[in-house]
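As structure tokens, the structure follows; a few thoughts come after it.
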Amino acid sequence: MSTLNEDIVRNIVVTANKPIVFRRFVNTWPLSSWSVEKWTTIFGNKEIPFRCMKKDFRSDEPCWERRCEAKSMTFKQFIDNLDTSEEWMYFDYKYVHKWFVSEDELYKDISWKDFGFPNKGASDTTLWIGSKGSHTPAHQDTYGVNIVAQLYGKKRWILFPPETGGLKPTRVPYEESSIYSELNFHCPSDLEQFTHLTGARVVDLTAGDALVVPRAWWHYVQNMDPLNISLNTWLPHEKDTSTQVSEALIKIFVAQICKDLPEDTAKLLINPNEDDISVTPLVVLFLQLEMVAKSYLDNRRKTRRAKRQKTCEENQSTTESGELNIEALIQNECNKLEVPPPITGEQLVDMIRQNLREYVNFERPLHDDEIDGSTSSLCLTKALIDAFTQSNVIDIVKENLFARLS
């Protein structure tokens with residue numbers, strides 16, 4: 001078939017090996033047509049926390065969350081500050097169910113049924129509201145597949161395949177399931193480090209657009225308009241059970257390092273949402289590891305039984321036909337599907353240079369924290385964490401662990 005329906009869209013989401021853009025796909029969602037006044041009414045007098053940073057902050061190190069200042073304000077106050085604030089502001093990665101109840105209009109209107117997942121709703125969704133220049137540092141998610149729906153404004157996505165070299169992956173600051181890049185794509189001091197990057201793809205999402213980000217694709221995301229609002233949800237991937245074991249091992253290692261460090265030092269190694277890691281009892285971390293290891297081994301046994309029953313050939317043919325369908329669907333212009341176009345290293349540098357021209361005052365001398373970076377004093381500790389958490393090291397540990405548990 002060359003036209004879309006829920007089953008075909010679901011097939012695209014679970015089989016795509018490149019990012020797929022769905023132009024105007026969520027344009028029929030009521031939320032996509034909400035005005036600023038409507039959003040102001042939806043939030044009312046509720047104070048929400050924004051991650052804030054000076055717009056002209058320039059450093060080779062990304063704007064880590066720990067560097068930002070958290071400021072609480074109502075949505076109306078946020079809107080009123082958009083034109084005058086010297087900071088970008090981001091209410092990011094907030095689960096809808098933690099801020100709204102099932103009776104609220106926003107909660108009721110969220111459904112991922114159009115993507116073939118009718119059971120996914122507000123409780124599985126995160127909300128992102130940001131001003132121009134607010135951004136998420138480049139990273140890859142180790143779990144699942146990401147679906148993004150743009151509701152208001154324009155958001156730029158710069159994406160790289162999982163195997164891309166030169167991005168300088170790091171687990172500092174540590175956050176479960178997030179591998180960050182040490183490169184600052186927003187306003188870096190040095191552009192030379194970007195010239196040799198290859199494989200980048202870029203897409204600007206506007207209200208009504210959606211994006212599927214396959215598992216482990218690197219992405220840097222920046223809000224381009226004065227006001228930007230989007231939703232996203234994650235879908236499980238068949239490799240998640242193995243990755244969960246990796247993440248549990250990494251958490252144990254990072255937690256033990258943080259336990260013996262001064263609190264202020266330990267906080268530089270982790271994102272704020274992991275602040276409790278150093279006080280989590282080791283027995284709890286081992287129980288988490290035991291649970292995910294058992295889940296992985298059970299899943300592996302089921303997979304082997306399935307192979308013996310010769311059902312894997314049928315599963316493989318389904319996957320292949322799904323991939324072929326994606327190409328045919330993209331070619332049908334009526335579907336408004338796109339693969340984000342590739343850009344050269346030179347084009348990437350030009351995009352970053354545009355940020356520098358727009359946000360940076362080059363006549364101002366760099367501040368100390370822009371020169372040194374927040375983790376520069378942790379060189380050995382950071383290097384140790386990155387060395388032990390590298391995928392080839394963790395894979396050996398997992399292999400030895402499973403051999404002893406099987």
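Throughout, numbering of the chain's residues begins at 1 and tracks the sequence.
Residues in residues 94-105 take part in these side-chain hydrogen bond (donor to acceptor under 3.5 Å, both in side chains) pairs, two or more places apart or across chains: Lys38-Glu105. Screening residues 238-247 for salt bridge (Lys or Arg N to Asp or Glu O under 4.0 Å) gives Arg171-Glu247 as the qualifying pairs, with residues at least two apart or on separate chains.
For Asp209, the side-chain hydrogen bond (donor to acceptor under 3.5 Å, both in side chains) criterion is met by Arg23, Thr206, not counting sequence neighbours. Every ring-ring contact (aromatic ring centres under 6.0 Å, His included) that Tyr296 has, sequence neighbours left out, goes to Phe402. Shown here are the side-chain hydrogen bond (donor to acceptor under 3.5 Å, both in side chains) partners of Glu6, two or more places apart in sequence or in another chain: Lys113. The salt bridge (Lys or Arg N to Asp or Glu O under 4.0 Å) test applied to Lys71 returns Glu87, not counting sequence neighbours. Listed by chain and residue number, Trp29, Phe115 satisfy the ring-ring contact (aromatic ring centres under 6.0 Å, His included) test with Trp112 (two or more places apart in sequence, or in another chain). His139 meets the ring-ring contact (aromatic ring centres under 6.0 Å, His included) test with Tyr180, His219; sequence neighbours excluded. Considering only residues two or more places apart in sequence or on other chains, Trp39 meets the ring-ring contact (aromatic ring centres under 6.0 Å, His included) condition with Trp34. Scored by the side-chain hydrogen bond (donor to acceptor under 3.5 Å, both in side chains) test, Ser134 finds Asn223 as partners (sequence neighbours excluded). For the side-chain hydrogen bond (donor to acceptor under 3.5 Å, both in side chains) test, no residue two or more places apart in sequence or in another chain qualifies with Glu333. Residues satisfying the salt bridge (Lys or Arg N to Asp or Glu O under 4.0 Å) test with Arg215, not counting sequence neighbours, are none.
Taking the six-membered ring where the residue is Trp, Phe43 and Phe91 present perpendicular rings, their angle passing 60° and hence far from 30°. Relative ring orientation between Tyr220 and Phe185 is described as parallel, the plane-to-plane angle staying below 30° on a 0-90° scale split at 30° and 60°.
For the side chain to side chain contact (heavy atoms under 4.5 Å, CB included) with Leu329, the lone residue among Asn11, Val9, Ile12 that qualifies is Ile12.
The existence of a salt bridge linking Asp275 and Arg66 is confirmed by a sub-4.0 Å separation between a basic side-chain nitrogen and an acidic carboxylate oxygen. Looking at Lys267 and Asp264, no side-chain N of the basic residue comes within less than 4.0 Å of a carboxylate O on the acidic one, giving no salt bridge. Salt bridge Glu86/Lys54: present, at least one basic N to carboxylate O contact under 4.0 Å. Taking the charged nitrogens against the carboxylate oxygens, Arg156 and Asp204 do have a contact shorter than 4.0 Å, which makes a salt bridge.
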